[in-house]
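Data first, discussion second: the structure below is written as structure tokens.
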Amino acid sequence: MNLARSAIVGVGLLLGASAPAAELSVLVTDSHSATIADAVVSLRGEHDQPLRAVPSPITKIIDQRGEAFIPYVEIFRPGDQVVFHNSDRTRHHVYSFAPAKSFEFVIGSGRSAPPVTLDQIGEIAVGCNIHDRMIAHLYVSDAPHVAKSGLDGRVVFDDLPTGAYSVQVWHPQLRPGRTEPPRATILESTPVNLTIALSLLPDPRAGADDPERSKY
């Protein structure tokens, strides 16, 4: 199975020191100005330290429904756990060979795999060895501020201390090889709106029905 290629886009942002806090709203679009969901936006301040582990790890469920992973992209902190649940009537063979975490489970209908602890940062591409178009991405981040865009393509960070920030945007379909992105300097601490346009590869989940789906 060919999993989607990925890359990272960085944007520099400076929030002025004239006020104690600021708000940053990031709008992620494609090259045609259409909004992009499932983009992971990470924000790091100049004095921020990486999160080594979260104080209270949580467990998130990745469901398998309609022969698709739901959600397609999920954010985790180091030490969080993931559980794969199968809501379909067919079995699924879930696996990942990612350096950050490798695992493999055959999950029957209505059953769940054991929890997997995600203790290393990085992107973990997940597939199904039975249904090739089933793809998910687990994004384990130690950035102090991180969030995922919704259908409106927007992520909002509020109550940010003023100072210099670096913004990173990741999406599993981001086309590699784009030039260095623009940099923005903001001198006021009033709400800041930043738009980042990405060039994406086609969605690997789209296309004709998987002929293997009816065999298991």
Side-chain angles (χ1 to χ4, degrees), residues 1-8 36-42 50-143 146-150 168-176 200-216:
M1 180 185 66
N2 293 323
L3 296 180
R5 298 160 69 186
S6 61
I8 291 180
I36 294 177
D38 295 314
V40 177
V41 182
S42 305
L51 296 177
R52 300 303 180 188
V54 290
S56 300
I58 64 175
T59 299
K60 296 185 178 181
I61 296 176
I62 304 296
D63 199 7
Q64 295 157 94
R65 190 166 66 249
E67 296 183 5
F69 288 109
I70 300 174
Y72 174 43
V73 175
E74 185 62 281
I75 296 172
F76 294 85
R77 296 306 209 169
D80 284 348
Q81 292 186 322
V82 61
V83 170
F84 294 93
H85 179 74
N86 184 0
S87 293
D88 283 333
R89 293 186 176 183
T90 182
R91 66 174 178 169
H92 293 300
H93 186 171
V94 178
Y95 73 96
S96 176
F97 299 133
K101 181 63 69 173
S102 61
F103 49 79
E104 186 173 8
F105 303 108
V106 175
I107 309 173
S109 176
R111 302 183 69 84
S112 297
V116 177
T117 300
L118 306 176
D119 47 10
Q120 297 187 48
I121 63 171
E123 181 260 335
I124 303 168
V126 181
C128 175
N129 208 27
I130 298 173
H131 309 96
D132 282 352
R133 288 188 178 87
M134 289 183 63
I135 300 171
H137 296 268
L138 317 181
Y139 194 88
V140 186
S141 173
D142 63 359
V146 61
K148 181 179 67 172
S149 64
Q168 287 187 322
V169 179
W170 175 90
H171 193 278
Q173 293 154 224
L174 187 62
R175 189 181 302 275
L200 299 184
L201 296 167
D203 190 335
R205 299 169 297 167
D209 290 339
D210 186 344
E212 296 295 320
R213 287 183 174 181
S214 61
K215 296 184 180 180
Y216 294 85

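Legend: residues meeting ring-ring contact (aromatic ring centres under 6.0 Å, His included) with Phe69, ordered by chain and number and at least two apart, are absent.
The side-chain heavy atoms of Gln168 and Val146, taken from C-beta on, include no pair separated by under 4.5 Å. Side-chain contact between Ile135 and Val126: absent, with no pair of heavy atoms (C-beta onward) separated by less than 4.5 Å. Counting only heavy atoms from C-beta outward, the side chains of Gln120 and Pro99 never approach each other to under 4.5 Å. Residues Val116 and Phe105 form a side-chain contact, since some pair of their non-hydrogen atoms from C-beta on lies under 4.5 Å apart. Residues Ile62 and Leu138 meet the side-chain proximity criterion, which asks for heavy atoms closer than 4.5 Å. Looking only at side-chain heavy atoms (C-beta outward), Ser42 and Tyr139 come within less than 4.5 Å of each other. Residues Pro204 and Arg133 are not in side-chain contact: their nearest non-hydrogen atoms beyond the backbone lie 4.5 Å or more apart. Using a 4.5 Å heavy-atom cutoff, the side chains of Asp132 and Met134 are not in contact.
Between Phe84 and Phe103, the ring-plane angle classifies as tilted under the 30° and 60° cut-offs.
For the pair Arg205 (side chain) and Ala136 (backbone), a donor-acceptor distance under 3.5 Å is absent. Between the side chain of Gln64 and the main chain of His85, a donor-acceptor pair closer than 3.5 Å is present. Side-chain N or O atoms of Asp119 include none that pairs as donor or acceptor with a backbone N or O of Pro78 at under 3.5 Å.
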Output, in order, the C-alpha distance, side-chain angles, deciding distance and verdict of side chain to side chain donor-acceptor pair (under 3.5 Å) for Asn86 and Ser109. CA-CA 6 Å; Asn86 184 0; Ser109 176; 5.4 Å; no
Apply side-chain contact (heavy atoms from CB on, under 4.5 Å) to the pair Ile124 and Val140, showing each step before the final yes or no. CA-CA 8 Å; Ile124 303 168; Val140 186; 4.1 Å; yes
Test side-chain contact (heavy atoms from CB on, under 4.5 Å) applied to Asp88 and Glu67, step by step: CA-CA 7 Å; Asp88 283 333; Glu67 296 183 5; 3.7 Å; yes
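Rounding to the nearest 0.5 Å places CD of Gln173 at 6.0 Å from CG of Leu200. Atom NE2 in His92 sits 8.5 Å away from atom OG in Ser87 (nearest 0.5 Å). Of the inter-residue distances, the one linking Asp80 atom CG with Ile58 atom CD1 reads 5.0 Å to the nearest 0.5 angstrom. Lys148 NZ to Ser141 OG: the interatomic distance, rounded to the nearest 0.5 Å, is 13.5 Å.
If you look at His137 and Tyr72, their ring centroids are closer than 6.0 Å.
Between Arg91 and His131, the shortest heavy-atom contact is O-CE1, 3.6 Å. Of all the heavy atoms in Ala100 and Ile121, the pair that sits closest is CB-O, 3.8 Å. For the residue pair Ile36 and Ser149, the shortest heavy atom distance occurs at O-OG, 2.8 Å. Pairing each heavy atom of Phe97 with each of Ser102, the nearest pair is CA-CB, 4.2 Å. Of all non-hydrogen atoms in Asp38 and His171, the two that sit nearest each other are O-CD2, 3.4 Å. Across all their heavy atoms, Leu201 and Leu174 have their closest contact at CD1-O, 4.4 Å.
Counting non-hydrogen atoms of other residues, nucleotides and ligands closer than 6.0 Å to CD1 of Ile61 gives a total of 12 or fewer.
Across Lys101, Lys60, Gln81, a single residue satisfies side-chain contact (heavy atoms from CB on, under 4.5 Å) together with Phe76, and that is Lys60.
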